[in-house]
Amino acid sequence: MCSSDLPKPRMVIAGIYIANKEFIKAENSYKKAIELNGNLIPPRLALAALYGMQGKKSLTEKELQKALEVDPKSMHVLNTLASFYFAAKNFGKVEETFRKIISQYPDHSEPYIRLSNYFLATGKPADAEKVLKEAIEKNPKATILKSRLAELLLDKREFDQAASYIETVIKEKPKDFRTLYLNGRLQLANRNVKKAVEELELSVKGQPRFAPARFFLGLAYRSAGNLQSAKAEFTEAIRLAPRLEKAVLALATIHMESRDYDLALEEVQKVLDKHPSHPPANLLAGDIKLRQGKPDKAAEHFLKVIKNAPKDPRGYARLGFVYRLKKENNKAIRQFEKALAINPKLIDVLGMITAIYMANGQPDKAISRINAQMERLPKNAMLHHLMGRVYVAANNADMAEKSFKRAIDLQNGLVTVYLDLGKLYARQKSFDNAIKQYTEASKLNPGLIPPYMLLGTIYELKGDTDSAVSNYKKALNINPRFAPAANNLAWLYAEHGGNIDIALSLAETAKEEAPDSPEVSDTLGWIYYKKGAYLKAASLFADTLEKRPNNPVIHYHLGMAYYKSGDKKLARQELLKSLELDKNFPGSEEAQKTLKEIEAG
């Protein structure tokens with residue numbers, strides 16, 4: 001027998017024919033290989049694949065069934081048959097085939113995972129969850145099954161359930177890249193951003209080519225305010241998994257937030273070119289066009305969302321926002337109400353309705369609308385939080401306090417309620433009560449910057465410099481380039497005997513991050529003044545006054561810089577202006593003293 005009369009060479013020859021698009025010759029070669037040994041599965045699978053390439057569905061199925069007759073328990077053949085049925089949209093047969101594999105291999109994880117993936121692909125997450133739970137009962141030591149179920153629960157935002165499985169997976173495989181990925185996702189969902197970044201960075205280090213970890217690390221970086229690192233991770237996730245559309249849209253979102261609107265639309269268009277009716281892509285495209293000042297173009301995208309996803313409240317809410325921008329308030333309210341009819345828990349949408357009423361000088365209507373929603377959701381803490389904000393805007397501090405406290409009673413983990421209650425107390429100069437609320441907020445989410453910033457501000461007002469410094473440092477531990485914290489800490493160091501060189505470094509960082517901020521420029525200028533760089537200081541103060549022309553402190557600073565640089569005429573002019581604006585600003589005594597020296601000299 002010559003070598004060409006063996007099955008394997010025949011298959012090689014068939015492959016050459018396929019490459020040359022000589023499909024009939026390829027078919028004959030596969031058939032000859034089957035004739036030579038009818039008990040071999042590879043030639044039958046290859047022939048089935050050839051028929052599939054040509055769209056010959058009945059012949060494809062026939063060959064796969066013949067392969068199955070050769071080995072009825074072949075997992076590979078059964079998986080191939082299931083894939084064929086899925087492509088042919090014969091979904092009943094898909095499930096039947098996977099169930100057959102499971103019955104033959106009940107101790108294997110793969111068939112359960114494949115069946116759950118099928119349910120997910122066909123929009124049946126509850127069935128996918130059920131399959132994985134059944135699999136875990138039969139295979140309690142299979143960590144991969146628990147990992148997949150945890151990931152599914154995270155996708156469904158059922159975080160408490162997911163946490164229980166993740167806890168078990170951590171005990172079984174604490175350093176596995178999938179375990180780190182899952183825990184990172186859970187930490188991110190719980191807004192523990194710093195821990196999320198740590199876990200996801202370790203996951204990526206363990207398996208650099210795992211695109212989902214890259215994607216969620218990008219989300220974590222974004223939450224931490226590190227947009228450049230977020231961009232890098234989304235870009236790498238897309239390179240590893242070009243079909244990961246949520247990464248494409250996340251990258252587009254970063255571009256949008258960075259005001260790179262053309263780049264943002266370019267990324268979104270990649271998704272819309274493939275799926276013109278894609279709801280999330282149309283939502284994002286609409287948001288970008290809103291930011292470009294094109295509300296009518298934005299509305300076109302939101303109308304597509306409404307048409308293709310009529311049960312998605314976001315399309316109605318965004319369209320309502322367009323109408324609000326155009327000052328068509330009645331139309332806006334109608335769209336917002338449609339969104340709330342679909343999901344009554346959309347408190348931000350209700351907030352837009354109440355904002356319209358408040359802007360129209362109708363606080364009673366705003367309060368009445370919230371009360372109507374409370375009848376439907378009497379124990380919704382966010383509703384009471386919104387009510388508190390409305391009362392603040394209506395200058396009813398007592399009712400605002402009661403509403404905020406009721407929100408905390410219903411759900412004591414809402415950081416923003418503590419912050420708002422703290423701000424209310426701060427406005428009333430009840431600083432100790434404000435500190436108590438901000439401290440509670442920082443305990444609830446140690447990775448959140450605002451509580452530390454607010455605490456720093458309150459301690460400054462109380463004259464407790466050490467505590468203010470401590471809290472600004474905590475904010476910078478979370479984000480070392482957070483401009484407001486760097487600026488405030490630099491100012492305290494400069495004014496209260498701190499290291500002036502560290503103050504300068506902090507102020508320069510703040511200037512890099514917020515180059516247009518007059519407060520940052522004033523701080524940096526004052527530090528230059530303290531270091532004797534009077535001309536550089538004067539230049540910064542002069543620029544700052546263009547944005548804050550009626551700020552007495554800045555006029556004072558500029559006057560002192562002129563005085564130290566020898567220009568007494570301009571110094572006198574600026575110092576007089578500072579005192580004209582406010583005779584008792586911080587530094588007014590020094591201004592008066594310097595003016596006397598100028599007059600005497």
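Just so you know, residue 1 is the first one in the sequence shown, and it goes up from there. Any value given below was found using the heavy atoms of this structure, including those in side chains, with hydrogens, waters and symmetry copies removed.
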- State, yes or no, whether a side-chain contact exists between Leu414 and Ile408 at a heavy-atom distance under 4.5 Å. no

- Task: Decide if atom NZ of Lys294 counts as having more than 12 heavy atoms of other residues, nucleotides or ligands within a radius under 6.0 Å.
- Result: no

- Please determine, by modelled atom types, if Glu495 and Trp526 share a side-chain donor-acceptor pair under 3.5 angstrom. yes

- Query: Does any non-hydrogen side-chain atom of Arg314 lie less than 4.5 Å from one of Val305?
  - Reply: no

- Just by distance, do the side chain of Asn499 and the backbone of Asp501 share a donor-acceptor pair under 3.5 Å? yes

- Item | Backbone of Pro276 reached by a side-chain donor or acceptor of Asn282 within 3.5 Å | yes

- Report the C-alpha separation of Ile353 and Ile356 in whole Å, then their side-chain angles, then the decisive distance to 0.1 Å, and conclude whether the side chain to side chain contact (heavy atoms under 4.5 Å, CB included) test is met. CA-CA 5 Å; Ile353 294 174; Ile356 291 173; 5.8 Å; no

- Within 45° of the six-membered ring axis of Tyr316 and under 6.0 Å from that ring's centre, is NZ or CZ of Lys338 located there? no

- Message: Any side-chain to backbone donor/acceptor pair from Thr523 onto Ala507? Under 3.5 Å, distance only.
- Response: no

- Glu300/Lys289 ion pair, N-O < 4.0 Å: no

- Rounded to the nearest 0.5 Å, what separation is found between the OG1 atom of Thr416 and the OH atom of Tyr418? 10.5 Å

- Looking at Ile554 and Phe541, what are the two nearest heavy atoms and their distance? CG2-O, 3.8 Å

- Task: Return yes when atom NZ of Lys205 has more than 12 non-hydrogen atoms of other residues, nucleotides or ligands closer than 6.0 Å, and no otherwise.
- Result: no

- Query: So, Glu266 and Gln269: side-chain donor and acceptor under 3.5 Å apart, yes or no?
  - Reply: no

- Message: Which heavy atom of Leu217 sits nearest to which heavy atom of Val197, and what is that distance?
- Response: CD1-O, 4.0 Å

- Does the salt bridge (Lys or Arg N to Asp or Glu O under 4.0 Å) test come out yes or no for Glu199 and Arg185, once each step is laid out? CA-CA 9 Å; Glu199 293 290 283; Arg185 283 191 62 179; over 6 Å; no

- State, with a plain yes or no, whether a side-chain heavy atom of Arg178 is found less than 4.5 Å away from one of Gln207. no

- Item | Audit row: Glu337, Arg369, side chain to side chain contact (heavy atoms under 4.5 Å, CB included) steps and yes/no | CA-CA 11 Å; Glu337 292 291 2; Arg369 181 61 188 85; 2.9 Å; yes

- Query: Does the side chain of Tyr221 reach to within under 4.5 Å of the side chain of Leu200, using non-hydrogen atoms?
  - Reply: no

- Task: Ignoring hydrogens and angles, tell me if any N or O in the side chain of Tyr391 forms a donor-acceptor pair with the backbone of Ile367 under 3.5 Å.
- Result: no

- Query: Given side chains that start at C-beta, do those of Asp312 and Ile342 come closer than 4.5 Å, heavy atoms only?
  - Reply: no

- Message: Quick one, Glu236 with Arg239, criterion salt bridge (Lys or Arg N to Asp or Glu O under 4.0 Å). Give me CA distance, side-chain angles, the key distance, then yes/no.
- Response: CA-CA 5 Å; Glu236 183 62 11; Arg239 188 188 71 79; 2.7 Å; yes

- Message: Would the distance check show the side chain of Gln161 and the main-chain N or O of Leu153 forming a donor-acceptor pair, the cut-off being under 3.5 Å?
- Response: no

- Task: Please answer whether the main-chain N or O of Gly351 pairs with a side-chain N or O of Thr354 as donor and acceptor at a distance below 3.5 Å.
- Result: yes

- Using 4.0 Å as the upper bound for N to carboxylate O, is an ion pair formed by Asp522 and Arg548? no

- Could you give me the CA-CA distance, side-chain angles and deciding distance for Glu460 and Thr465, then say whether side chain to side chain contact (heavy atoms under 4.5 Å, CB included) is met? CA-CA 6 Å; Glu460 277 196 73; Thr465 301; over 6 Å; no

- Would a line drawn from the ring center of Phe210 to the ring center of Tyr181 be shorter than 6.0 Å? yes

- Backbone N/O of Asp516 and side chain of Lys547: donor-acceptor pair under 3.5 Å: yes

- Message: Between Ser277 and Lys304, does the side chain to side chain donor-acceptor pair (under 3.5 Å) criterion hold? Intermediate values first, please.
- Response: CA-CA 7 Å; Ser277 61; Lys304 284 184 181 179; over 6 Å; no

- Message: Regarding Lys436 and Glu440, does a basic nitrogen lie under 4.0 Å from an acidic carboxylate oxygen?
- Response: no

- Message: salt bridge (Lys or Arg N to Asp or Glu O under 4.0 Å), that's the test. Do Lys270 and Glu267 meet it? Break it down for me.
- Response: CA-CA 5 Å; Lys270 291 176 184 177; Glu267 292 296 331; 3.2 Å; yes

- Message: Could you measure the distance from the CD1 atom of Ile347 to the CG atom of Leu383? Nearest 0.5 Å is fine.
- Response: 3.5 Å

- Sole residue of Lys405, Arg427, Arg389 in salt bridge (Lys or Arg N to Asp or Glu O under 4.0 Å) with Asp420: Arg389

- Item | Nearest-0.5 Å distance, OG of residue Ser147 to CG of residue Asp176 | 6.5 Å

- Note on the structure: To the nearest 0.5 Å, atom CZ of Phe159 lies from atom CG of Leu188 at 9.0 Å

- Query: Which atom names give the shortest non-hydrogen contact between Ala426 and Ile458, and what distance separates them?
  - Reply: CB-CD1, 3.7 Å

- Would you call Glu245-Lys274 a salt bridge at under 4.0 Å N-O? no

- Note on the structure: Correct closest heavy-atom pair for Pro450 and Leu419 would be CB-CD1, 4.1 Å

- Item | Check: Asn190 side chain, Asn192 main-chain N or O, donor-acceptor pair, under 3.5 Å | no

- Does the Asn471 side chain pair with the main chain of Ser467, one donor and one acceptor, at a distance under 3.5 Å? yes

- Query: Got a second to check how far Asn477's CG is from Tyr472's OH, nearest 0.5 Å?
  - Reply: 15.0 Å

- Locate the shortest heavy-atom distance separating Ala285 from Val268; write the atom from each residue and the value. CB-CG1, 3.9 Å

- Task: Search all heavy atoms of Pro125 against all heavy atoms of Leu120 and return the closest pair with its distance.
- Result: CA-CD2, 3.9 Å

- Task: For the residue pair Pro344 and Leu377, establish whether any side-chain heavy-atom pair is separated by less than 4.5 Å.
- Result: yes

- Message: Counting neighbours of CG on Asp160 that are heavy atoms of other residues, nucleotides or ligands and sit closer than 6.0 Å, is the number greater than 12?
- Response: no

- Task: Take Glu257 and Lys231 through the salt bridge (Lys or Arg N to Asp or Glu O under 4.0 Å) test and state the conclusion after the steps.
- Result: CA-CA 11 Å; Glu257 291 170 348; Lys231 274 186 190 178; over 6 Å; no

- Query: Stepwise, does the side chain to side chain contact (heavy atoms under 4.5 Å, CB included) test hold for Ile333 with Tyr323?
  - Reply: CA-CA 9 Å; Ile333 289 173; Tyr323 286 134; over 6 Å; no

- Side-chain donor-acceptor pair present, Glu151, Tyr165, cut-off under 3.5 Å: no

- Item | Backbone N/O of Thr179 and side chain of Asn183: donor-acceptor pair under 3.5 Å | no

- Please say whether more than 12 non-hydrogen atoms of neighbouring residues, nucleotides or ligands are located less than 6.0 Å from CZ in Arg291. yes

- Item | His385 ring center within less than 6.0 Å of Phe404 ring center | yes

- Any side-chain heavy atom of Met256 within less than 4.5 Å of one from Leu284? yes

- Flag the pair Leu303 / Lys307 as yes when at least one side-chain heavy-atom distance between them is below 4.5 Å, and no otherwise. no

